[in-house]
Structure formats: structure tokens, C-alpha cells
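Below: one structure, written as C-alpha cells.
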Amino acid sequence: MTILIRNVRIFDGTSLSDQTGAVLVDGDRIVRVATGDGALADDRADQVIDGNGGTLMPGLVDAHTHLALGSSVEVMGRPGNFPDEVLALTAAHCARVMLDHGFTSAYSGGSSSPGVEIALKAAIDKGQVPGPRLVTSSFERLPGGMPGMLFKFPGRDTRESNPAAVTHFVEEMAGIGLQAVKFLLNGVSAMDAGSNMNEQFYEDEILAAGEAARKAGVWLTAHCYTADAIKIAIKAGFRVIYHCNYADDEVLDMIEAAKDDIFVGLAPGIEEADRDRAPKFGMMASPEQVAEQAAAVEQKIRVGRELRKRGVRSLPGGDYGFPQNPVGLNARDLELFVEWFGYTPAQTLHAATALGGVLMDMELGQVREGFLADLLLVDGDPTQDISILKNKDNLRMIMKGGALYKAPAA
């Protein structure tokens, strides 16, 4: 089936055209892109959509997604180690909410059930349930432990190094078909007060993880706050590094030197949520925790601005899925890239589309001939006011793989 979308301003993943144009979709791919009055007017198509001067842009990519943590803007719930059937229903619900808000691709930051991640991806790919394209990932407890949600982070000094257990974990997760394996190199203060600065792994363990991942053909993701944790992740060849709040100048230099090989997910959404909303949910509520999170936000702003100046591939994706930070608020990260880190709206959209496509390792994130037809028709110009993407009602059309998930009103 062919679909012609005409009379639109095209944001191609990098910049907004100064002319109206048109895009022809055939099957799941973009086959023609043209600008100018009457562009592609003579092309015959099975369906013609008049964009009425709206903005046509690639679908958004979230670089740090948790679909099974329990909370969306429609349903609230606390994270936990629930049975797979509960997690599967939660994840399917949150996947639909993400797609409703224009996120057509998502890079998982982990699920407490690897089987649920794999089953959900298969169901989405088959069209059985609506949701974004998904890169699947594990969570990690500690060497020798089962993957799942973590609530306490005692630190590596409470145990001996165990590279063999780490290697086995990577091999096991790769063997069941996951695409990425995640390690929490630091703790999480929102779950275990003061643990952001706790180092969870020894260097030889993480180097063993890197070697095992290269042999197994999977990607590695690191949850890092401290400079030492970031250094170890880079040295071990991790592909995605989250948070990075306490990166010092030496680490910033290391990140810059490795910028062609890594992606950084700063996750400003969870930082803002932990500072402003978590105490209402009984997290980060003590005076010490409130002060810690306020300081963490200031550090994040400093690091984010520095990485922007250095041309590092920083991608939106704010750890959404927690009660204080539910799925469906994902586009708030786009605003924070502008407000906190100094990106222009167009630069932010480039990170959330074209760079997101590189992260997903797929031909998406650009309005470009031959690329997958994951497209949004936006009422307004997000390169001038990026906040319009927070309201799903401003998305007049959502297309994924050439199929209209949300068709524009007649």
C-alpha cells in the first residue's frame, strides 16, 4: 500500500525545510521525499493525507526505557519483582502509552524479567500489541544473583570479586536472546539511601563482562554515577552509559575520546522527578536525601552542558516508569535538554530521532528515502516550541513501519 503525505514542513532528523513538501510511503519504507509547491502532486497513491502545513518528522526514540516498572500517566504502581504474567501486562500497557505519545522506538534500560522483554518485543514486531520498536535488555543483581529489581546496594567491599559469575551472566542473557545486558555499577539512592556513590563491581569483573559481551555479540549498558564507574565502563567497551552525574574533567576527556563508540543517556527526567516529586511517594524524602538529589541535579546540568560542547552523543530517555516519573511523560526529557543542557529544539530533536536511529542500529530516525516509515505529523513547529510534543493531542498522525497507528482526522 502506498500513502502520500503532502502539504507538510519536513523535519528530516536534522533540520526543518523552509518549504512545504511531500513524502511517499510504499509498504514500510519511505520511497520519495520532495519539497516545493505541488511536490509529488502527480504521484498516484492508495491514500493521500493532507498535512495542512503541519510538521512531518521521524518518530521519537527513547534511549532509556523501563516498560515493566509499573507506572504510566494512565495507571500508577510501584516497581517490584512481580510474576511474569503481571509484568507482561504492565509492559504491554506501557508500550501502548509510549506509542500514543509518539515514541516509535525504545532502547530498554532493563526489565526484571528477561522473558517478558523478549516476549513483548516479539508481540510488538508481529503486530499483536501496539508499541515501539524495542531493543531488549536485562537487569543485573550482583554476581551470582538472579536478574531482577534491586532495592539494596551494599557495595563491592562486602564481597570478593567474581569475574566468572559475571561472564556467566552475560553468556546466559545473550543465550536467551536479549540484545543488551545492563550492569548497575553504582547504587540507586532512591531505593537505598546514599547508595548512588557505592561502587558495586570490581574492575576485573566488568572487564570480564566486556570480553564476554564481545564474544556473544551483545551490547552492554552501564548505570553509572561516579567517575570511577564511568572509567571502568569505557575501558570495558560498554556501548551505552547512563546518568554520569559525577563525571570529573578526566572522565569527560575519556568520554569525548570515545564519543564515536559510545552513547550517553543522561536521563534528566528521573533527576527532576527524584528532586521534585519522589518525596510525595516516600522516596528521597529525608533532608539528607533531598539535599543529595538537589546536588545531583546541579552536577547533571554541568555534565550535560559540557558533553554538548564536546559533541558527545547524548540522547533523551529519562528512566520513565517509576511512580514519580511515569511512562507517557517521556517528552519532558526533550524540554530538559533545552532548559538544562542548552540544546536548541532542533538539536534535541536530532538527538531524539536521527541519533536515536543510530542507537537502535536500524534505518530509522530520518525522513529519508529508503528508511523505515516511522513518522509523526505534528500540529505546530517543535523546532520552535519543543513543548508541544508533550501533549499527545498535538500528534495528528503516528505512523510506524508505514502503518497508520493514529490516522489524522478527516
Side-chain angles (χ1 to χ4, degrees), residues 62 64-82 86-87 90-91 93-94 97-98 108-113 137 139-142 145 147-155 182-200 221-226 229 242-246 265-301 303-304 316-333 335-336 340:
D62 188 290
H64 191 164
T65 295
H66 294 294
L67 293 176
L69 286 181
S71 291
S72 76
V73 291
E74 299 176 7
V75 177
M76 194 69 69
R78 287 188 176 274
N81 286 309
F82 296 109
V86 174
L87 293 172
T90 300
H93 162 77
C94 288
V97 171
M98 278 197 74
S108 176
S111 170
S112 53
S113 171
S137 173
F139 264 142
E140 160 66 359
R141 188 176 290 277
L142 291 173
M149 283 297 298
L150 303 173
F151 297 100
K152 293 296 179 182
F153 302 87
K182 183 178 180 183
F183 286 88
L184 287 95
L185 273 61
N186 297 120
V188 182
S189 288
M191 294 181 178
D192 188 10
S195 65
N196 277 0
M197 308 302 287
N198 283 359
E199 308 291 343
Q200 296 299 306
T221 304
H223 163 104
C224 296
Y225 288 113
T226 65
Y242 290 147
H243 302 300
C244 299
N245 294 52
Y246 302 104
L266 292 171
I270 192 64
E271 305 288 356
E272 180 185 56
D274 284 348
R275 184 191 64 183
D276 297 345
R277 297 187 293 276
K280 300 175 184 177
F281 294 91
M283 294 179 282
M284 306 297 289
S286 72
E288 294 78 14
Q289 289 174 296
V290 169
E292 177 188 8
Q293 193 53 38
V297 167
E298 292 306 312
Q299 290 291 333
K300 176 61 60 71
I301 293 172
V303 170
D319 223 340
Y320 295 93
F322 292 93
Q324 73 273 27
N325 198 42
V327 170
L329 292 185
N330 305 68
R332 175 58 180 156
D333 253 48
E335 287 185 305
L336 291 173
W340 285 10

Subject >> Polar side chain donor-acceptor pair, His223 to Asn186, under 3.5 angstrom >> reply: no
Original post:
With under 30° as parallel and over 60° as perpendicular, where do the rings of Phe322 and His66 fit, or are they tilted in between?
Top reply: perpendicular
**OP:** Give the intermediate values and the outcome of side-chain contact (heavy atoms from CB on, under 4.5 Å) for residues Leu329 and Val73.
**Re:** CA-CA 7 Å; Leu329 292 185; Val73 291; 4.0 Å; yes
Original post:
Looking just at side-chain N and O atoms, do Glu199 and Thr226 make a donor-acceptor pair shorter than 3.5 Å?
Top reply: yes
Subject >> Nearest-0.5 Å distance that lies between atom CD1 in Ile301 and atom CG in Leu336 >> reply: 8.5 Å
Original post:
Considering only heavy atoms from C-beta outward, does the side chain of Pro316 approach that of Pro268 to under 4.5 Å?
Top reply: no
Original post:
What distance do Cys244 atom SG and Tyr246 atom OH have between them, rounded to the nearest 0.5 Å?
Top reply: 12.5 Å
Subject >> Taking every non-hydrogen atom, the tightest pair across Asn325 and Asp319 >> reply: ND2-O, 3.3 Å
**OP:** Would you check if the side chain of Asn198 reaches a backbone N or O of Phe153 as a donor-acceptor pair within less than 3.5 Å?
**Re:** yes
Subject >> Whether Ser111 side chain and Ala68 backbone form a donor-acceptor pair below 3.5 Å >> reply: no
Original post:
Counting N and O atoms only, with roles assigned by atom type, does the side chain of Lys300 sit under 3.5 Å from a partner on the main chain of Leu266, one being a donor and the other an acceptor?
Top reply: yes
Subject >> His243 to Cys224 - nearest heavy-atom pair and separation >> reply: CB-O, 3.1 Å
Subject >> Point-to-point distance, once rounded to the nearest 0.5 Å, from CG of Asn196 to CD of Glu292 >> reply: 5.0 Å
Original post:
Okay, side chain of Asp333, backbone of Ala331: is any donor-acceptor separation there less than 3.5 Å?
Top reply: no
**OP:** Give a yes or no on whether the backbone of Gly77 and the side-chain of Ser71 come within a donor-acceptor separation of less than 3.5 Å.
**Re:** yes
Subject >> Sidechain-backbone polar pair: Lys182 side chain, Gly109 backbone, donor-acceptor under 3.5 Å >> reply: yes
Subject >> Criterion side-chain contact (heavy atoms from CB on, under 4.5 Å) on Ile270 and Gln324, from CA distance to verdict >> reply: CA-CA 8 Å; Ile270 192 64; Gln324 73 273 27; 4.0 Å; yes
Original post:
Which value, rounded to the nearest 0.5 Å, describes the distance between Arg277 atom CZ and Met284 atom CE?
Top reply: 13.5 Å
Subject >> Rounded distance (nearest 0.5 Å) linking atom CG of Asp274 with atom CZ of Phe281 >> reply: 11.0 Å
Original post:
Between the side chain of Arg332 and the main-chain N/O of Gly269, is any donor-acceptor distance below 3.5 Å?
Top reply: no
**OP:** Give a yes or no answer on whether the side chain of Ser195 reaches the backbone of Val188 with a donor-acceptor pair at less than 3.5 Å.
**Re:** yes
**OP:** Could you point out which residue of Arg275, Glu272, Glu298, Glu271 forms a side chain to side chain donor-acceptor pair (under 3.5 Å) with Gln293?
**Re:** Glu271
Original post:
Between atom NE2 of His64 and atom OH of Tyr320, what is the distance when rounded to the nearest 0.5 Å?
Top reply: 11.0 Å
**OP:** Would you name the heavy atoms of Pro279 and Asp276 that are closest together and state the gap between them?
**Re:** CD-C, 4.4 Å
Original post:
Okay, side chain of Asn81, backbone of Ser112: is any donor-acceptor separation there less than 3.5 Å?
Top reply: no
Subject >> Any pair counted as salt bridge (Lys or Arg N to Asp or Glu O under 4.0 Å), so long as it reaches residues 184-198, sequence neighbours left out >> reply: Lys152-Asp192
**OP:** Using the side-chain contact (heavy atoms from CB on, under 4.5 Å) rule, take Phe183 and Gln200 through it: C-alpha gap first, then chi angles, then the decisive distance, then the call.
**Re:** CA-CA 9 Å; Phe183 286 88; Gln200 296 299 306; over 6 Å; no
